[in-house]
Amino acid sequence: MPGEPTPSDPPPVHVAVIYYSSTGTIAELARLIADTAEHEGAEVRLRRAAELAPQVAVDANPAWAANAAATADILEATAEDMLWADAVILGTPTRFGNVSSQLKQYLDTLGGHWQAGHLQDKVYSGFTASATKHGGQESTLLALYQTIHHFGGILVTPGYTDPSKFADGNPYGTSHVGGPDTPVDDEARTAARVQARRVVKFTRAIKAGLAQTG
């Protein structure tokens, strides 16, 4: 109606999906999460952590070498990607129940930005995969989230907020059991979409609320 105030457009939501993947499972989940976030209206950057393993080790594993070649066009993550993002969704395979050294190395380079307060008040979430059941999925995500607590980040996890979560059973984040010979299944795909939508939803609400309060 003429004369009535019109709501301003919501601020754009910037989502960075930053991951490490050796044989491709985490890379596939990362793409799905990035695509879903983009479908929800977010501006998205898909980035991969730099490889630390020697080339001889990569070449010795056909699946590892194939994934490296297939994802070579994805830019390596830099600190600027974190600074740009309103929300960061981090992906890592389990490594003895812990975060992969490649993703951890990337996070460890952000100390100066952490100290300056540049990483606080952002939304964070995580996803993982392991080769076996009970292979450390929950402990890996909990270990990852310890870093987020130090950042002063806002964790947005899927929890049991969607009926599908009672099927995959992981409230901490999307997870998948398998490797290069076990494709990402519908259960994990659904979990990835639920998580991405939830992250965008609450990032948008938090950013809009902060903009109003100044």
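Both backbone and side-chain heavy atoms feed into the values below; hydrogens, waters and symmetry mates do not. Numbers here are sequence positions counted from 1.
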- prompt: So, do M82 and W114 sit near enough that their side-chain heavy atoms are less than 4.5 Å apart?
  reply: no

- request: Starting at CD of E76, measure out to CZ of R48 and round the result to the nearest 0.5 Å.
  value: 5.0 Å

task: Answer yes or no: is there an ion pair linking R193 with E40, defined by an N-O contact shorter than 4.0 Å?
output: no

query: Which atom names give the shortest non-hydrogen contact between A16 and A85, and what distance separates them?
result: CB-CB, 3.8 Å

task: Name all residues meeting the side chain to side chain contact (heavy atoms under 4.5 Å, CB included) criterion together with N67; count only those two or more places apart in sequence or in a different chain, and write none if there are none.
output: S21, A27, T71

field: Single-linkage hydrophobic cluster, 4.5 Å side-chain cutoff, L29 and I18 together
entry: no

task: State, to 0.1 Å, how close P93 and T140 come at their nearest heavy-atom pair, and which atoms those are.
output: O-CG2, 4.1 Å

Give every donor-acceptor pair under 3.5 Å between a side-chain atom in residues 149-156 and any protein atom, sequence neighbours left out.
none

message: Between D81 and T78 (side chain of the first, backbone of the second, donor and acceptor by atom type, cut-off under 3.5 Å), is there such a pair?
response: yes

task: Output, in order, the C-alpha distance, side-chain angles, deciding distance and verdict of side-chain contact (heavy atoms from CB on, under 4.5 Å) for N170 and L141.
output: CA-CA 10 Å; N170 191 339; L141 291 174; 4.0 Å; yes

- line: So the ring pair (Phe, Tyr, Trp, His ring centres under 6.0 Å) pairs with at least one residue in residues 155-208 (sequence neighbours excluded) are Y160-F166

task: Go through the structure and list residues passing side chain to side chain contact (heavy atoms under 4.5 Å, CB included) with L52, not counting sequence neighbours.
output: S101, Q102, Q105

message: For a 4.5 angstrom cut-off between non-hydrogen side-chain atoms, does T36 reach Q195?
response: no

task: Identify the heavy atoms of R189 and V184 that sit nearest to each other, and give their distance.
output: NE-O, 3.6 Å

- prompt: With ILVMFWY side chains joined below 4.5 Å, transitively, what does L75's cluster contain besides itself?
  reply: none

field: Common cluster, V123/I148, ILVMFWY with side-chain heavy-atom separation under 4.5 Å
entry: no

message: Going by ring pair (Phe, Tyr, Trp, His ring centres under 6.0 Å), name the pairs with one or both residues in residues 63-82, residues two or more places apart or in two chains.
response: none

query: If you look at every heavy atom in K165 and G159, which pair is closest and at what distance?
result: CG-O, 3.2 Å

Q137 and V177: CA distance, side-chain angles, deciding distance, side-chain contact (heavy atoms from CB on, under 4.5 Å) verdict: CA-CA 9 Å; Q137 294 181 349; V177 177; 3.4 Å; yes

Short side-chain to backbone donor-acceptor contact, K122 and V88, under 3.5 Å: no

- request: Decide side-chain contact (heavy atoms from CB on, under 4.5 Å) for T147 and Y124; before the verdict, give the C-alpha distance in whole Å, the side-chain angles of both, and the deciding distance to 0.1 Å.
  value: CA-CA 10 Å; T147 299; Y124 294 88; over 6 Å; no

message: For residues V13 and V199: do they belong to one hydrophobic cluster (side chain heavy atoms under 4.5 Å, members Ile, Leu, Val, Met, Phe, Trp, Tyr)?
response: yes

query: If you measure from CG on L103 to CG on L107, what distance do you get to the nearest 0.5 Å?
result: 4.5 Å

statement: dist I89:CD1 -> R198:CZ (nearest 0.5 Å) comes out at 12.0 Å

query: Does R45 pair with E80 as a salt bridge, N-O distance under 4.0 Å?
result: yes

- prompt: What residues, two or more places apart in sequence or in another chain, satisfy side chain to side chain contact (heavy atoms under 4.5 Å, CB included) together with S139?
  reply: none

field: Separation of T190 OG1 from L32 CG (nearest 0.5 Å)
entry: 9.0 Å

- prompt: Can you list the residues that meet the side chain to side chain contact (heavy atoms under 4.5 Å, CB included) rule with A34, with sequence neighbours excluded?
  reply: V17, V44, L46

- prompt: If Ile, Leu, Val, Met, Phe, Trp and Tyr residues are connected whenever their side-chain heavy atoms lie under 4.5 Å apart, and connections chain through other members, are I206 and V15 in the same group?
  reply: yes

query: Can you list every ring pair (Phe, Tyr, Trp, His ring centres under 6.0 Å) pair that touches residues 77-99, not counting sequence neighbours?
result: H14-W84

field: Results of salt bridge (Lys or Arg N to Asp or Glu O under 4.0 Å) for D162 - residues two or more places apart only
entry: none

A129 versus I26, closest heavy-atom pair with distance: N-CD1, 3.6 Å

- prompt: Got a second to check how far N98's CG is from T128's OG1, nearest 0.5 Å?
  reply: 10.0 Å

Contacts of D108 that satisfy side chain to side chain donor-acceptor pair (under 3.5 Å) - sequence neighbours left out: K104

query: Looking only at atom types and distance, does a side-chain atom of T92 sit under 3.5 Å from a main-chain N or O of S100, one as donor and one as acceptor?
result: yes

- request: Output every pair passing ring pair (Phe, Tyr, Trp, His ring centres under 6.0 Å) with a member in residues 19-53, not counting sequence neighbours, ordered by first then second residue.
  value: none

query: If you take all heavy atoms of A42 and V200, which pair is closest and at what distance?
result: CB-CG2, 4.1 Å

message: Would the distance check show the side chain of T174 and the main-chain N or O of A191 forming a donor-acceptor pair, the cut-off being under 3.5 Å?
response: yes

- prompt: Going from CD on E51 to OG on S22, what distance comes out if it is rounded to the nearest 0.5 angstrom?
  reply: 8.0 Å

